[in-house]
*Asks:* 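Let me give you the structure first, and then I'll get to my questions.
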Amino acid sequence: QQPVQSPQAVILREGEDAVINCSSSKALYSVHWYRQKHGEAPVFLMILLKGGEQKGHEKISASFNEKKQQSSLYLTASQLSYSGTYFCGTVPYGGSQGNLIFGKGTKLSVKP
Amino acid sequence: NAGVMQNPRHLVRRRGQEARLRCSPMKGHSHVYWYRQLPEEGLKFMVYLQKENIIDESGMPKERFSAEFPKEGPSILRIQQVVRGDSAAYFCASSPRRELRYEQYFGPGTRLTVT
């Protein structure tokens, strides 16, 4: 029931846009997005909840298609600081509300 | 407001020794989660605790691993008789509420190396 993230890796030039996808085989209650830089802790970016509620950073946008059990993270006008590995964490319906099920991550590299 | 604190940041143990990892949640947070991360892998849930209670330990190996979150003091993840396969980064996270409408804040992690 681990969500599948795509692409696995992406390289951008500063200013370019990227979309990272997260797909689950189970109906989802919510999707959480985190960014992790090498050797550091994951940093919270956004939560998307069933029904359309969102909480997160102003400069990052995301969508949650409940019917398709998919979420996408949109990174626009990328900056060097966006580099890192992006993880989605899912909360399936019927699952424990105590834990997130994380995908394997999407490695984003932004070049000058 | 201090973030989630973990110590030690790096821990080296020989096979067969015990490892104790500590996690102090953010102020005002009473929910603690432990995750394990292998190189180039995502985070794998291990256990979810509230003060003095284990709520969900479905991700914990049945043997050698235990966790607690006492009324006073940090949460402890304990690994007895460590083996090489236990080498990983262990992260704890905390949140202010049980429901996963609320984000989890992660600590800097403890990198365990078993020699």
Side-chain angles (χ1 to χ4, degrees), chain A residues 1-6 8-9 20 22-24 28-57 60 62 64 71 84-107, chain B residues 2-7 9-10 23-26 29-50 53-60 67 69 75 88-111 113:
Chain A
Q1 59 181 2
Q2 183 179 31
V4 176
Q5 288 187 234
S6 62
Q8 289 184 327
I20 300 172
C22 175
S23 180
S24 174
L28 300 175
Y29 173 77
S30 66
V31 179
H32 301 223
W33 285 96
Y34 287 82
R35 177 173 60 215
Q36 185 180 30
K37 294 185 183 281
H38 184 69
E40 297 182 9
V43 174
F44 168 74
L45 295 176
M46 179 161 285
I47 288 178
L48 300 110
L49 296 159
K50 181 179 182 301
E53 184 180 349
Q54 295 186 11
K55 294 196 296 182
H57 285 229
I60 292 175
F64 179 22
S71 177
T85 301
Y86 289 76
F87 293 98
C88 68
T90 57
V91 181
Y93 271 105
S96 166
Q97 288 203 346
N99 74 85
L100 292 166
I101 304 170
F102 284 93
K104 289 191 174 182
T106 294
K107 190 170 183 178
Chain B
V4 179
M5 299 176 68
Q6 289 187 250
N7 66 80
R9 295 290 306 275
H10 299 274
C23 169
S24 296
M26 283 182 72
H29 289 192
S30 59
H31 302 260
V32 168
Y33 313 81
W34 284 93
Y35 294 86
R36 176 163 63 179
Q37 186 177 40
L38 296 169
E40 308 302 321
E41 293 281 330
L43 298 123
K44 297 274 195 242
F45 168 77
M46 298 182 75
V47 62
Y48 162 37
L49 309 107
Q50 274 184 274
N53 285 306
I54 296 174
I55 308 300
D56 180 356
E57 55 181 349
S58 57
M60 286 272 273
F69 190 14
S75 175
Y90 292 83
F91 290 94
C92 83
S94 72
S95 70
R97 299 281 189 277
R98 175 179 185 146
E99 297 82 11
L100 281 177
R101 298 170 57 86
Y102 298 88
E103 57 270 34
Q104 296 182 12
Y105 293 90
F106 282 80
T110 294
R111 277 144 188 90
T113 302

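Throughout, protein chains are lettered first and strands after them, A, B, ... in sequence-line order, and every chain is numbered starting at 1. A quick note: this is a predicted structure, and the numbers were derived from the prediction, not measured.
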*Asks:* Over 60° means perpendicular and under 30° means parallel, so classify the ring planes of B/Y35 and B/F106, tilted if in between.
*Replies:*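 If you compare the ring of B/F106 with that of B/Y35, the planes turn out tilted.
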
*Asks:* Give, as side chain, backbone, both or neither, the part of B/Q37 having an atom under 4.5 angstrom from any heavy atom of chain A.
*Replies:*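 When you check distances to chain A, only side chain atoms of B/Q37 fall under 4.5 Å.
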
*Asks:* Specify the closest pair of heavy atoms between A/W33 and A/Q5, including all atoms of both residues, with the distance to one decimal.
*Replies:*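 Closest approach of A/W33 to A/Q5, heavy atoms only: CZ3-NE2, 4.1 Å.
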
*Asks:* Quick one: which of A/G89, A/A41, A/G103, A/G105 has the most heavy-atom pairs under 4.5 Å with chain B, could you say?
*Replies:*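 Greatest number of close heavy-atom pairs with chain B: A/A41.
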
*Asks:* Is the ring pair A/F87/A/F102 parallel, tilted or perpendicular, if the boundaries are 30 and 60 degrees?
*Replies:*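 Judged by the thresholds at 30° and 60°, the geometry between A/F87 and A/F102 is perpendicular.
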
*Asks:* What part of A/Q36 is in contact with chain B, defined as an atom under 4.5 angstrom from a non-hydrogen atom: side chain, backbone, both or neither?
*Replies:*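 For A/Q36, the contact with chain B is made by the side chain alone.
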
*Asks:* Could you state the interatomic distance from CZ (A/F64) to OG (A/S71), rounded to the nearest 0.5 Å?
*Replies:*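 Going from CZ on A/F64 over to OG on A/S71, the span is 7.0 Å.
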
*Asks:* If you count heavy-atom pairs under 4.5 Å between each of B/Q6, B/R111, B/M46 and chain A, which one has the most?
*Replies:*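 That would be B/R111.
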
